[in-house]
2 protein chains.
Amino acid sequence: MPKLGMEPIRREALVTAAIAEIGAAGSLDVTVSAISKRAGMSSALAHHYFGNKDQIFLAAMRHILAGFAVEVHSRLSLANTPRDRLKALVEASFARSCFDPEVISAWLNFYVKAHSSPDAMRLLRVYQRRLRSNLIHALRPISRKPEELADAIAALIDGLYIRAALGAPISRDPAATILAFTAPHLEDDQ
Amino acid sequence: MPKLGMEPIRREALVTAAIAEIGAAGSLDVTVSAISKRAGMSSALAHHYFGNKDQIFLAAMRHILAGFAVEVHSRLSLANTPRDRLKALVEASFARSCFDPEVISAWLNFYVKAHSSPDAMRLLRVYQRRLRSNLIHALRPISRKPEELADAIAALIDGLYIRAALGAPISRDPAATILAFTAPHLEDDQ
DNA sequence: TTTTTTATTGACTCGTCAATCAATAAAAAC
DNA sequence: GTTTTTATTGATTGACGAGTCAATAAAAAA
């Protein structure tokens, strides 16, 4: 059976399975066996390709981050005004692919994981810095305090995320809500 | 050594130790032994009083919720106008006792735990409902859409919490920030 | 065709940890 | 002073799960 070039296929399958498994369990208390089984292989193979469980989680996180980056860039490339760029960033955070319950659950767990894993924390910082600098860049022409506004918007995004993860009441259109709260804090000129 | 009436003392010590241990580890992957050791007793005794590990976690959560309720009520009792009540609620969320890193870390972990433990979820709902109804009550006289505003404020609180837990950039005065974002959405008459 | 490389797994090892239990001790009740 | 109740722990059990390894198989390279 050994066909060549299985590695990327196996890795992808494991990453997908890990996200699904984390989503189903609602925690990182998921066995390598369960992930491997869902991905259609033995746990030994998972260890062969990833070394250990943490590496699987990190790969899953990178996968999710990459998906988010795609959402951001595709929207950002269509935006011409600062306002549109802001809209693009907020809406990207609530795109289907990012707002998928499985993905939200993974995020929440990685938030926690970051507290005990320097690698996870590093990855999280990458996301945070990217979002922050994108927000500030979009806000600079239309806000007197772009940094503060950016941090507040980021907090609103995170908050809506966590509430979505918990099934708490949130508006049906989170992006619009965030923009509505942001609007009064923006200048009126383009 | 057996002095009578040790149970409440032991329970309290275990709850405190559990919160400290969770804060130090940054996760719920904490052994009963570690908690018991910190609390100055054997793990067998912890099991004797609490039955199992989950009960210790739940008790810790109840302890934190109770602390929050104290912060809320003490501030609410001094507030006379709707605006003051809103301020009281937001400021209570960022009171020293609630904003303690250990406590924030515990909250974050319980958020996750709630996904796999109906008991934890039930407790979380209690907090969410209380905060929501308090917010709506404060907002009703000064907002046209108290429910929506309440949900947005709750999201901001949660978001700032999570960011504080992660050491992400947040304003030095979170409560003031939230009120600043809320203000434009309020009517002007008290 | 032989050898090397890649893919793959079942079985096993080794720790860890929640939960139990029997045993001890001291207060309180009788 | 005997008995019961409460407090307490060391030692043990039992399960589970991460990571290893030797063995197998098939493609590719020689």
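These figures come from a predicted structure and were not determined experimentally. The analysis underlying the following values was restricted to heavy atoms, covering all of them including side chains, and did not include hydrogens, waters or symmetry mates.
No donor-acceptor pair closer than 3.5 Å links the side chain of Ser143(A) to the backbone N or O of Arg140(A). At distances below 3.5 Å, not a single donor-acceptor pair connects side-chain atoms of Ser117(B) with backbone N or O atoms of Ala114(B). Judged purely by atom type and a 3.5 angstrom limit, His115(A) has no side-chain atom pairing as donor or acceptor with the backbone of Tyr111(A). At least one donor-acceptor pair closer than 3.5 Å links the side chain of Ser77(B) to the backbone N or O of Ser74(B). Under the 3.5 Å distance criterion, the side-chain polar atoms of Ser105(B) are left unmatched by any main-chain donor or acceptor of Pro101(B).
Residues from residues 42-50 of chain B with heavy atoms under 4.0 angstrom of DNA chain D, sorted by number: Ser42(B), Ala44(B), Leu45(B), His48(B), Tyr49(B). Sorted by residue number, the members of residues 9-26 of chain B with any non-hydrogen atom under 4.0 Å from DNA chain D read Arg10(B).
Atom-to-atom, CG of Asp29(A) to P of dA18(C) comes out at 11 Å; the value is rounded to the nearest Å. Rounded to whole Å, atom C1' of dA26(C) lies 13 Å from atom CE of Met6(B). Taking atom CE of residue Met41(B) and atom P of nucleotide dA7(D), one finds them 12 Å apart after rounding to whole Å. To the nearest angstrom, P of dT20(C) lies 8 Å from CG of Asn52(B). Taking atom NZ of Lys37(A) as the reference point, atom P of dT9(C) lies 14 Å away to the nearest angstrom. Atom pair Asp54(A):CG and dG17(D):P shows a separation of 16 Å (rounding to whole Å applied). Between the CG atom of Leu4(B) and the P atom of dT5(D) there is a distance of 13 Å, given to the nearest Å.
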For this session: Go through the steps to decide whether Arg122(A) and Asp119(A) satisfy the test salt bridge (Lys or Arg N to Asp or Glu O under 4.0 Å), and finish with yes or no.
Result: CA-CA 5 Å; Arg122(A) 193 155 30 239; Asp119(A) 284 336; 2.4 Å; yes

For this session: Show the numbers, then the answer: is there a ring pair (Phe, Tyr, Trp, His ring centres under 6.0 Å) between Trp107(B) and Phe68(B)?
Result: CA-CA 12 Å; Trp107(B) 262 112; Phe68(B) 177 64; 7.4 Å; no

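Pairing each heavy atom of Ser97(A) with each of Val103(A), the nearest pair is O-CG2, 3.6 Å.
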Got a list of side-chain donor-acceptor pairs under 3.5 Å for residues 172-185 of chain A, not counting sequence neighbours?
| residue | atom | partner | partner atom | Å |
| --- | --- | --- | --- | --- |
| Asp173(A) | OD1 | Ala176(A) | N | 3.2 |
| Thr177(A) | OG1 | Ser171(A) | OG | 2.6 |
| Thr177(A) | OG1 | Asp173(A) | O | 3.2 |
| Thr182(A) | OG1 | Ile178(A) | O | 2.6 |

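If Gly51(A) and Thr31(A) are placed on DNA chain D by their nearest nucleotide, the residue sitting closer to the 5' end is Thr31(A).
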